[in-house]
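Everything numeric in this text was worked out from a predicted model, so none of it was measured. In each ligand, atom 1 is the first atom listed, and ligand 1 is the first ligand listed.
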Amino acid sequence: MSRIAYVNGRYLPLPAAQVRVEDRGFQFGDGVYEVVYLHRGRLIDEDKHLNRLDRSLGELRIPWPLSSKALAGIIRELVARNRLHANGLVYIQVTRGAARRDHVFPTAATRPTLVVTARAVAAFPRDVDAWATAIITGPDQRWDRCDIKTVNLLPNVLAKQAAREAGAFETAMVDRDGMVTECASSNLWIVDQAGQLRTRPLGQAILPGCTRAALLELLAEERVTLSETAFSLEELRHAREVFLTSATNFVRPVIRVDGTPVEDGKVGAITRRLFAAFARHVQGALSNVT
Ligand code: PDD
């Protein structure tokens, strides 16, 4: 069975699902996106993702292509048509639409482009130790509005490729002041030398991760206190524990940074606890696919 995609009102087999060559997403990267994880057919943190989509669109003055309720319906229909009863990813992209190439915004009559795709992925990881990974570090080469989830991902693509070529999974990006922002497609957290859990505060330097937000809500129950303060490359290198968060990687332990083990190279106690808390959050999410 071919995968089915949604494009501007139509459900089509993936090879036939196309956008126009003058789509502004293609020509200018003039668009935004979301990635939502599906666990046993249930969308995880859907409201957070749709709220962030709303914010990204608003910041760039791209109109909603349809109501967020209608989008939620399309997502469910697409999940059903692709028979995603187990685990999957839903990708949503909205661009400013197709118009004769001109940097300035097109006329108000130009309809935004909406694309939604979905695909199956591996089940939620069971074994936190096997889920542990390695990262490298590199400069943050992005613009000043990393809080908007745009499809302009070239620095992220280059950072991720650098990680791959170094045999690592992610690149922790470092700003001009020597402070860590986040990874190419995930937020980064440390337990510092004093035992304090830290992650960079929200602002224009990082994406406000939905997994980050969900984990923040779980911290109180876990009786873990968080300090939302930026940490330096040096602090990352000397951290007791390191982990990353994203919709596709959940809470993922980092046990090597630039080839050097984090502490003893084993998953730390706080990371272990937060992985388990997030696993409960995913498994316990109320059914919202009807
Ligand atoms: N990436 N930071 C960046 C730069 C990201 O691209 C992402 C998400 C995150 C984590 O956000 P969330 O927890 O909402 O997934 C942080 C998605 C998964 C992607 O590009 O595939």
Side-chain angles (χ1 to χ4, degrees), residues 25 29 31-39 43-57 59 75 87-94 115-119 121-122 124-125 131 133 135-164 169-175 179-190 199-219 226 228 230 242-252 254 274-275 277-279 281-282 285:
V32 301
Y33 75 106
E34 282 297 327
V35 180
V36 188
Y37 182 66
L38 193 72
H39 182 72
L43 295 156
I44 304 302
D45 297 324
E46 180 186 16
D47 290 353
K48 289 184 170 61
H49 286 281
L50 292 184
N51 287 338
R52 187 173 61 189
L53 180 63
D54 181 53
R55 181 176 182 277
S56 296
L57 289 169
E59 291 296 313
I75 293 170
N87 297 76
L89 292 183
V90 175
Y91 177 82
I92 305 154
Q93 183 174 334
V94 182
V115 171
V116 188
T117 59
R119 67 178 168 90
V121 295
F124 189 88
W131 191 233
T133 193
I135 65 170
I136 59 168
T137 60
D140 193 334
Q141 306 191 85
R142 300 175 301 164
W143 70 330
D144 286 340
R145 291 305 307 275
C146 297
D147 55 317
I148 308 173
K149 197 162 173 65
T150 83
V151 293
N152 281 265
L153 291 170
L154 196 47
N156 310 60
V157 165
L158 296 177
K160 199 85 171 194
Q161 181 63 20
R164 173 66 58 88
F169 174 68
E170 262 285 24
T171 296
M173 301 186 289
V174 183
D175 69 17
M179 306 303 280
V180 175
T181 52
E182 59 183 334
C183 292
S185 63
S186 49
N187 292 117
L188 196 63
W189 309 58
I190 63 168
T199 196
R200 182 143 181 155
L202 297 184
Q204 297 187 359
I206 64 164
L207 188 80
C210 295
T211 316
R212 179 190 188 281
L215 194 60
L216 274 180
E217 291 167 11
L218 298 171
L219 287 177
L226 171 68
E228 289 184 85
V242 181
F243 65 88
L244 53 84
T245 55
S246 79
T248 50
N249 286 279
F250 324 109
V251 171
R252 186 154 196 176
V254 172
L274 297 183
F275 173 88
F278 197 77
H281 168 65
V282 168

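Heavy atoms only, all atoms of each residue included: Ala247 and Val35 are closest at CB-O, 3.6 Å.
The CZ atom of Phe243 lies 14.5 Å from the CH2 atom of Trp131; values are rounded to the nearest 0.5 Å.
Judged purely by distance below 3.5 Å, without hydrogens or angles, the side chains of Asn187 and Glu182 pair a donor atom with an acceptor atom.
Within 4.0 Å of ligand 1, heavy atoms belong to protein residues Tyr33, Val35, His49, Arg52, Arg142, Lys149, Asn156, Glu182, Cys183, Ala184, Ser185, Ser186, Asn187, Leu207, Gly209, Cys210, Thr211, Thr245, Ser246, Ala247, Thr248.
Dense packing is recorded around CZ of Arg145, with more than 12 heavy atoms of other residues, nucleotides or ligands lying under 6.0 Å away.
Under the 4.5 Å side-chain criterion, counting only non-hydrogen atoms from C-beta, Leu274 is in contact with Leu219.
With sequence neighbours left out, the side-chain contact (heavy atoms from CB on, under 4.5 Å) criterion links Cys210 to Lys48, His49, Arg52.
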